[in-house]
Amino acid sequence: MGLLTHLATLPLAPVRGVAWVMERVVDAAEREYYDPAPVERELAELERKLLAGEIDEETFDRREDELLDRLDEIRAHIRGPGV
C-alpha cells in the first residue's frame, strides 16, 4: 500500500481491526465445534455408563446414534465439500 492510500484509509483501521478479531473468533469457534475428541470421549463415557448399568440399552442406542451422526458431520466437514 502506498503512503497516500494508507493515509486515506486510516479512519477505517478500527473497522479492519474488528473484522480481523471477528475472523479469529469464528475460526476458533469452528475448530472447537468440529473437534471430534469431545464426541469420542462422550461415546466412551456412554459405553461406560451402559456397562455399569447406569443407563438402559434404549437410552444408549438413542444417544449413540446422535453421537455417531455428529461424528459423521465432523468427518464430512474435515474432508471438505464435494468429497
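Position 1 is the first residue of the sequence, and the numbers go up from there.
Taking hydrophobic clusters as Ile, Leu, Val, Met, Phe, Trp and Tyr residues chained together by side-chain heavy-atom distances below 4.5 Å, Val25 does not share a cluster with Tyr34. Note on Val26 and Val21: separate hydrophobic clusters, where clusters join Ile, Leu, Val, Met, Phe, Trp and Tyr whose side-chain heavy atoms are under 4.5 Å apart, directly or indirectly.
The side chain to side chain contact (heavy atoms under 4.5 Å, CB included) test with Glu47 is passed by exactly one of Leu50, Leu51, Leu43: Leu51.
For the atom pair CD1 of Ile55 and CD of Glu45, the computed distance is 9.0 Å after rounding to the nearest 0.5 Å. A distance of 12.5 Å separates CG of Asp56 from NZ of Lys49, quoted to the nearest 0.5 Å. The structure places CD of Glu58 at 7.0 Å from CZ of Arg62, a figure rounded to the nearest 0.5 Å. One finds the CD atom of Glu66 at 12.5 Å from the CG atom of Leu71 (value rounded to the nearest 0.5 Å).
Residues Glu64 and Asp61 form a side-chain contact, since some pair of their non-hydrogen atoms from C-beta on lies under 4.5 Å apart. For the pair Arg24/Asp27, a side-chain contact is recorded, criterion being any heavy-atom separation below 4.5 Å from C-beta on. Taking 4.5 Å as the limit, some side-chain heavy atom of Ile74 sits within range of a side-chain heavy atom of Arg70.
In this structure, Glu23 places its CD atom where more than 12 heavy-atom neighbours from other residues, nucleotides or ligands lie under 6.0 Å away.
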